[in-house]
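Quick notes on the structure that follows.
A quick note: this is a predicted structure, and the numbers were derived from the prediction, not measured.
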There are 2 protein chains.
Amino acid sequence: MSEKPYHHGALEAALMDAALDFVQTSGIEALTLRDLARTLGVSPSAVYRHFPSRDHLVSRVSQAARESLADALLEARNAVISNGRAKRRSVERFEAIGRAYVVFATQHPSLFAAAFALCDVPPAAEDNPSAWSVLVDSVEEMVVSQAIPASRRADAPIIAWAGVHGLANILTASIWPKGYAFDNEIDAVVTGISRAIS
Amino acid sequence: MSEKPYHHGALEAALMDAALDFVQTSGIEALTLRDLARTLGVSPSAVYRHFPSRDHLVSRVSQAARESLADALLEARNAVISNGRAKRRSVERFEAIGRAYVVFATQHPSLFAAAFALCDVPPAAEDNPSAWSVLVDSVEEMVVSQAIPASRRADAPIIAWAGVHGLANILTASIWPKGYAFDNEIDAVVTGISRAIS
DNA sequence: CCGAATATGTGAACACTGTCAACATTTATG
DNA sequence: CATAAATGTTGACAGTGTTCACATATTCGG
């Protein structure tokens with residue numbers, strides 16, 4: 001019943017939650033330690049009991065964003081219901097992952113930007129499950145189902161990642177060229193990738 | 001012979017030059033008005049006689065970076081010497097542009113990041129010649145030379161841009177997945193794009 | 001169960017930043 | 001030439017990350 005306990009109890013988790021909330025609405029570069037502390041009713045220096053610096057906090061947020069992205073990809077992959085053969089299903093899963101990548105970026109632009117914001121502090125060692133591994137696994141599934149030739153096993157992941165990552169950046173960074181309206185860039189790029197790796 | 005003339009004379013140009021220099025070595029987010037003024041031997045508020053705010057300065061730097069990129073693309077395009085027919089030459093030019101995009105990013109990572117750093121201040125209206133128009137023109141050249149079907153006229157530019165832009169970001173943002181060494185990602189992606197739009 | 005070690009939070013400071021208002025000086029203009 | 005405009009300076013303000021000394025709560029060995 002005490003109004004203000006001296007100790008918060010779970011400041012670290014609360015900081016991460018609040019930081020993620022803030023980033024989603026205002027972007028990661030607008031994230032401020034003092035703002036964070038203010039919204040949690042805590043003094044600014046309290047943050048330093050849980051994070052050595054703002055950059056470390058940002059790095060953790062970035063890592064959480066990458067995990068959200070990877071989760072979204074896995075979810076999209078598993079949502080594919082295909083009655084066809086393994087060959088067809090592997091392609092449908094692959095394209096679902098690609099679409100989900102871009103959709104995640106457009107639906108959570110600030111989070112996506114935060115996920116790949118370069119930070120001086122290196123991310124934690126164990127950064128799985130990563131979006132990259134989801135992609136690589138999907139490519140491998142296509143290879144074994146003979147949807148794509150085995151000779152593309154090495155190239156396909158980077159080709160696919162470059163395509164969806166580039167489109168995601170273009171769509172979210174507000175650098176779309178003037179005068180070029182486009183109906184469904186996502187379809188164009190995803191099917192383009194499929195052709196590129198076939 | 002006076003040591004310190006009260007008026008600098010060409011502060012705006014000097015500011016742009018110094019800012020571009022600084023960005024190339026330290027990145028655009030480390031750019032500081034006070035640092036800039038210090039290196040030019042000028043008071044911080046002098047900057048405000050030429051730029052309404054730091055964001056406007058950053059926006060101008062970003063624009064200059066985009067122009068540098070576009071110049072590099074045009075140069076690479078024009079450096080292609082092809083004795084073959086127009087068809088073959090158009091493809092070679094297109095791939096040269098794609099390679100130059102990624103090479104520019106890897107050789108000037110900070111400049112590339114600055115070029116597409118999102119800024120609140122919208123860029124100036126006349127933003128030509130842009131990398132995008134170079135790409136679109138190249139695609140059109142391939143269409144008229146019948147190197148690619150006309151039906152791909154609409155899709156090809158965004159497919160190509162997404163591919164090279166994505167690879168450029170991946171290579172420069174230090175987000176390359178651990179354990180995946182790769183010989184020539186650029187070749188893989190550029191030739192992949194060519195297949196995708198054929 | 002108690003006292004000490006440890007974990008966690010506070011308050012006041014420091015250097016730094018972008019920005020602005022008032023003032024100074026140089027240049028341009030009628 | 002006088003006056004207006006352009007350009008630079010000084011000093012301030014609020015806000016930031018960070019640190020240090022201190023306060024309080026929790027945990028743990030005896």
Side-chain angles (χ1 to χ4, degrees), chain A residues 1-23 25-63 110 114 117-122, chain B residues 1-23 25-63 110 114 117-122:
Chain A
M1 305 307 167
S2 59
E3 296 235 342
K4 279 222 171 188
Y6 192 88
H7 280 184
H8 182 285
L11 228 199
E12 179 163 344
L15 280 169
M16 284 296 299
D17 285 357
L20 273 170
D21 274 3
F22 187 91
V23 164
T25 68
S26 305
I28 200 163
E29 62 277 353
L31 183 68
T32 280
L33 288 195
R34 295 179 115 103
D35 260 351
L36 223 54
R38 224 163 307 173
T39 65
L40 294 185
V42 134
S43 98
S45 33
V47 180
Y48 287 83
R49 297 296 172 192
H50 304 274
F51 300 93
S53 78
R54 176 186 182 276
D55 280 348
H56 284 79
L57 191 282
V58 167
S59 183
R60 288 279 305 272
V61 170
S62 175
Q63 184 180 342
S110 300
L118 54 169
C119 43
D120 297 335
V121 179
Chain B
M1 302 305 173
S2 59
E3 296 232 344
K4 281 220 170 185
Y6 192 88
H7 280 183
H8 181 285
L11 227 199
E12 180 163 344
L15 280 169
M16 284 296 298
D17 285 357
L20 273 169
D21 273 3
F22 188 90
V23 164
T25 68
S26 306
I28 200 163
E29 61 276 354
L31 183 68
T32 281
L33 287 196
R34 293 178 116 101
D35 260 351
L36 223 52
R38 224 165 307 176
T39 65
L40 293 184
V42 135
S43 96
S45 33
V47 181
Y48 286 83
R49 298 297 171 189
H50 305 273
F51 300 92
S53 78
R54 177 186 182 276
D55 280 348
H56 284 78
L57 192 278
V58 166
S59 182
R60 288 279 306 272
V61 170
S62 176
Q63 184 181 341
S110 301
L118 54 168
C119 44
D120 297 334
V121 178

Exercise for the section: Select base, sugar-phosphate, or nothing to describe what B:Arg34 touches, counting heavy atoms under 4.0 Å on all strands. Expected result: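 Base, at least one base atom sits under 4.0 Å.
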
Exercise for the section: Scan A:Thr32 against the nucleic acid and name what it touches under 4.0 Å (heavy atoms): base, sugar-phosphate only, or nothing. Expected result: sugar-phosphate

Problem - B:Ser45 (side chain) and D:dT10 (base): donor-acceptor pair under 3.5 Å - result: yes

Atom [atom1] of [X] to atom [atom2] of [N]: distance rounded to whole Å?
X       : N      : atom1 : atom2 : answer
A:Asp35 : D:dG17 : CG    : P     : 8 Å
B:Phe51 : D:dT7  : CZ    : C1'   : 14 Å
A:Arg54 : C:dT17 : CZ    : C1'   : 13 Å
B:His56 : C:dG18 : NE2   : P     : 15 Å
A:Leu57 : D:dG17 : CG    : C1'   : 12 Å
A:Leu11 : D:dT26 : CG    : P     : 14 Å
B:Leu36 : D:dG8  : CG    : P     : 13 Å
A:Asp55 : D:dT16 : CG    : P     : 16 Å

Problem - Contact under 4.0 Å: B:Arg38 side-chain N or O vs C:dT17 OP1/OP2 - result: yes

Practice task
Please state whether the phosphate of D:dA6, meaning OP1 or OP2, lies under 4.0 angstrom from any side-chain nitrogen or oxygen of B:His50.
Solution key: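 So the side-chain polar atoms of B:His50 never come under 4.0 Å of the phosphate oxygens OP1 or OP2 of D:dA6.
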
Practice task
Indicate yes or no: at least one non-hydrogen side-chain atom of B:Leu15 is less than 4.5 angstrom from one of B:Val42.
Solution key: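 The answer is no; the side chains never approach within 4.5 Å.
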
Problem - Close side-chain approach of B:Arg60 and B:His50, heavy atoms under 4.5 Å - result: no

Handout entry: Test side-chain hydrogen bond (donor to acceptor under 3.5 Å, both in side chains) applied to A:Ser53 and A:His56, step by step
Key = CA-CA 5 Å; A:Ser53 78; A:His56 284 79; 2.9 Å; yes

Practice task
Working to the nearest 0.5 Å, report the span between CZ of B:Arg49 and CG of B:Leu11.
Solution key: 11.5 Å

Practice task
Can you measure from CD1 (B:Ile28) to CG (B:Leu20) and round to the nearest 0.5 angstrom?
Solution key: 8.5 Å

Practice task
Would you indicate which nucleotide in D:dT10, D:dT18, C:dG9 comes nearest to any side-chain atom of B:Ser43?
Solution key: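 My answer, after comparing the listed nucleotides, is D:dT10.
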
Practice task
Report the nucleotide, chosen from D:dA21, C:dT17, D:dG17, that has the shortest atom-to-atom distance to any side-chain atom of A:Arg49.
Solution key: D:dA21

